[in-house]
Amino acid sequence: MRRTAFLIFYFLLFALNTQAQNQPVYAGLSNDEQLSLVGMMMADLLERFGSPRSVITERGNEAWQDDVVFQYNGADFYIYRDRIWQIKIASTHGVSNGDRRTAVLQVLGNGAQDRGDHLLLPITGKNWPLMIRVNFSNSGNTGQVTAIYIYRPDF
């Protein structure tokens, strides 16, 4: 009987832990809290979310544009020196990967700048300028969201 109870307890603990690991790191964060992730110190990122599931490099057009990227479940954090300058997430401000362009334009409103294959939405009132970039699978009205970035355009 004890062994059965122990096995059930262990299984439930494992199931809850696995479910928590599958949640995106930004789950439950408000839009403002998501925006506050940009500019965070790398030490604060590690303290808040723990070790990333992987660390990669992303090559820029020029050598100075190369990034170290900490990948967590549901979010990628792009690091310059010791600060997060950009994050890639699957959902923010009412927009999610897979959404259609027409729906995204309605959600983001008149402030969104249409650049063909992506939209830009400037964010004001923060410690530094921020931008939301929404990439689409094509530039027509049938395009779907393929990536969402929040970043500092002054970097």
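Worth saying up front: this structure is predicted, and the values here are computed from it rather than measured.
- The nearest pair of heavy atoms linking P153 to P129 is CD-O, 3.3 Å.
- Interatomic distance, L121 CG to N110 CG, rounded to the nearest 0.5 Å: 11.0 Å.
- Side-chain atoms of L130 and R152, non-hydrogen and from C-beta on, do get closer than 4.5 Å to each other.
- The structure places CD1 of I123 at 9.0 Å from CG of D32, a figure rounded to the nearest 0.5 Å.
- A side-chain donor-acceptor contact under 3.5 Å links Y72 to the backbone of G50.
- At a threshold of 4.5 Å between non-hydrogen side-chain atoms, the residues R101 and L105 count as touching.
- For E33, the CD atom is densely surrounded, since the number of other residues' heavy atoms within 6.0 Å is greater than 12.
- Dense packing is recorded around CG of D154, with more than 12 heavy atoms of other residues, nucleotides or ligands lying under 6.0 Å away.
- A distance of 6.0 Å separates CG of L29 from CD of Q34, quoted to the nearest 0.5 Å.
- Residues W85 and D67 have side chains in contact (heavy-atom distance under 4.5 Å, counting atoms from C-beta outward).
- V145 has its side chain within reach of F136: a pair of non-hydrogen atoms, C-beta onward, lies under 4.5 Å apart.
- Taking CD1 of I132 as the start and CG of L35 as the end, the distance is 5.5 Å to the nearest 0.5 Å.
- Residue Y151 qualifies as enclosed at atom OH: its count of foreign heavy atoms under 6.0 Å is above 12.
- Of all the heavy atoms in G74 and Y26, the pair that sits closest is O-CE2, 3.0 Å.
- A side chain to side chain contact (heavy atoms under 4.5 Å, CB included) with I87 is found for exactly one of V25, V38, T92, namely V38.
- For the pair P122 and Q113, the tightest heavy-atom approach, listed with the atom from each and the gap, is CG-NE2, 3.6 Å.
- A heavy-atom distance below 4.5 Å is found between the side chains of M42 and F70.
- At least one side-chain heavy atom of L46 sits less than 4.5 Å from a side-chain heavy atom of P52.
- Proximity of a side-chain donor or acceptor of N73 to a complementary backbone N or O of Q23 within less than 3.5 Å is detected.
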* **Intermediate values then yes/no, side chain to side chain contact (heavy atoms under 4.5 Å, CB included), L37 and R48** => CA-CA 10 Å; L37 298 174; R48 184 166 185 180; 3.8 Å; yes
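- The shortest side-chain heavy-atom distance between V134 and L108 falls under the 4.5 Å cut-off.
- Minimum interatomic distance between D66 and G60 (heavy atoms only, all atoms of both residues): OD1-N, 3.0 Å.
- Considering every non-hydrogen atom in both N135 and H118, the closest pair reads OD1-CB, 3.4 Å.
- Checked by atom type, the side-chain pair Q144/S137 shows no donor-acceptor distance below 3.5 Å.
- Remark: D76 CG to E58 CD distance equals 8.0 Å, nearest 0.5 Å.
- Residues R83 and M41 have side chains in contact (heavy-atom distance under 4.5 Å, counting atoms from C-beta outward).
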* Check against side chain to side chain contact (heavy atoms under 4.5 Å, CB included), I79 and I84 -> CA-CA 5 Å; I79 300 166; I84 309 308; 3.6 Å; yes
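- The line from NZ of K88 to CD of Q71 is 8.5 Å long, rounded to the nearest 0.5 Å.
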* Please lay out, stage by stage, how F49 and F77 fare under the test side chain to side chain contact (heavy atoms under 4.5 Å, CB included). => CA-CA 11 Å; F49 298 119; F77 293 83; 4.0 Å; yes
